[in-house]
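Just the heavy atoms: all of them, side chains too, but no hydrogens, waters or symmetry mates, feed the values below.
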Amino acid sequence: MTSPKMDRRKKYTIMVLKDSLMKLLKDKQISYITVKEICSLADINRSTFYSHYTDQYDLLDTIEDEIIQDMQGYMSQYNFEKEDQALQMIEKLLEYFASKHEVCTTLLNEKTNTTFETKVINFAHQVFMTSWLADTAYDENLSEYLSTFIISGSIHAIKKWLNNGMDHNPREMAEIINGVINRGLLGVR
């Protein structure tokens, strides 16, 4: 059995490695970041790094997956079965992104070149297909296209919002996105 001190040390090491990678990702693509750089910034030796992760991609994948799992847990606290709750669901999702502003901005950055955006799209698609389109008269093929269109546009709007320093509160952004989804571009003014 490991001692609590070892558990704290392990948690600290993992936290420092994640923080170091996130700092490096602000300026570099993952393909240009080395394990040596991460370890140097974290002040951790490489053997310690390799006891937790296989490489920088494994560390990044772990960070992304934890955020998606955290997002799923956050969103599962709410019941969004009815269409009128779509606004609330979007607002809660935006609140989550706001709470993780720095990490999400870094991972959704165009120059970062991570798989995070794809993971967010897949998560949103799953939520969208089960919550919003399940009760509609659209056939499954059309629903896939609608979901892709709406989610891609929403993700890019969220990226713009994050990059603009969240210049609207989550409720206002949710109203904008929900307005486009439900009434189209001409319905938002």
Note, [X] side chain near [Y] side chain (heavy atom, < 4.5 Å):
X	Y	result
Cys104	Leu162	yes
Glu37	Lys28	yes
Val16	Leu41	no
Lys10	His52	yes
Ile63	Leu107	yes
Lys100	Ile67	no
Met71	Leu93	yes
Phe116	Thr106	no

*Tyr32, OH: over 12 other non-hydrogen atoms inside 6.0 angstrom*: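 No, because the 6.0 Å sphere around OH of Tyr32 holds 12 heavy atoms or fewer from other groups.
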
*Tyr12 atom OH, over 12 foreign heavy atoms within 6.0 Å*: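 No - once you tally the heavy atoms of other residues, nucleotides and ligands closer than 6.0 Å, there are 12 at most.
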
With rounding to the nearest 0.5 angstrom, report the [atom1] to [atom2] distance, [X] to [Y].
X	Y	atom1	atom2	answer
Glu117	Ile121	CD	CD1	4.5 Å
Leu60	Met22	CG	CE	8.0 Å
Met15	Leu17	CE	CG	10.0 Å
Met166	His101	CE	NE2	4.5 Å
Tyr96	Ile158	OH	CD1	12.5 Å
Ile181	Ser154	CD1	OG	4.0 Å

*Please identify each residue that fulfils salt bridge (Lys or Arg N to Asp or Glu O under 4.0 Å) with Asp167, with sequence neighbours left out.*
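Partners of Asp167 under the salt bridge (Lys or Arg N to Asp or Glu O under 4.0 Å) test: none.
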
*Does a donor on one side chain and an acceptor on the other come within less than 3.5 Å for Thr34 and Gln56?*
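On atom types as modelled, these side chains do not qualify, holding no pair under 3.5 Å.
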
_Between Thr48 and Asn45, do the side chains contain a donor N or O and an acceptor N or O under 3.5 Å apart?_
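Indeed, the side chains of Asn45 and Thr48 share at least one donor-acceptor pair under 3.5 Å.
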
*side chain to side chain donor-acceptor pair (under 3.5 Å) partners for Glu66, two or more places apart*: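 Testing Glu66 for side chain to side chain donor-acceptor pair (under 3.5 Å), a comparison that skips the adjacent residues, returns Lys18.
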
*How far apart are the C-alpha atoms of Val120 and Phe97, what are their side-chain angles, what is the distance that settles it, and do they pass the side chain to side chain contact (heavy atoms under 4.5 Å, CB included) test?*
CA-CA 11 Å; Val120 171; Phe97 276 106; 4.0 Å; yes

Between the main-chain N or O of [Y] and the side-chain N or O of [X], is there a donor-acceptor pair closer than 3.5 Å?
X	Y	result
Ser40	Lys36	no
Glu172	Asn169	yes
Asn163	Lys159	yes
Glu64	Lys119	no
Trp161	Met173	no

_Please find the pair of heavy atoms, one from Ile38 and one from Ser20, that lie closest to each other, and give the distance._
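Here Ile38 and Ser20 meet closest at O-CB, 3.8 Å.
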
*If you look at every heavy atom in Ser147 and His125, which pair is closest and at what distance?*
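Looking at all heavy atoms of both residues, the shortest contact is OG-ND1, 2.5 Å.
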
*Show the numbers, then the answer: is there a side chain to side chain contact (heavy atoms under 4.5 Å, CB included) between Ile30 and Leu21?*
CA-CA 9 Å; Ile30 187 67; Leu21 178 59; 3.8 Å; yes

*asked:* Set out, in order, the CA-CA distance, both residues' side-chain angles and the distance that settles ring pair (Phe, Tyr, Trp, His ring centres under 6.0 Å) for Phe49 and Tyr53, then state yes or no.
replied: CA-CA 6 Å; Phe49 177 93; Tyr53 305 102; 5.7 Å; yes

*Could I get the full list of side chain to side chain contact (heavy atoms under 4.5 Å, CB included) partners for Lys160, not counting sequence neighbours?*
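With neighbours one apart ignored, the set is Asn164.
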
*asked:* Assess the residue pair Glu95 and Arg171 against the criterion (salt bridge (charged side-chain N to carboxylate O under 4.0 Å, His left out)); give the C-alpha distance rounded to whole Å, side-chain angles, the decisive distance to 0.1 Å, and a yes or no.
replied: CA-CA 9 Å; Glu95 286 173 0; Arg171 178 67 179 203; over 6 Å; no

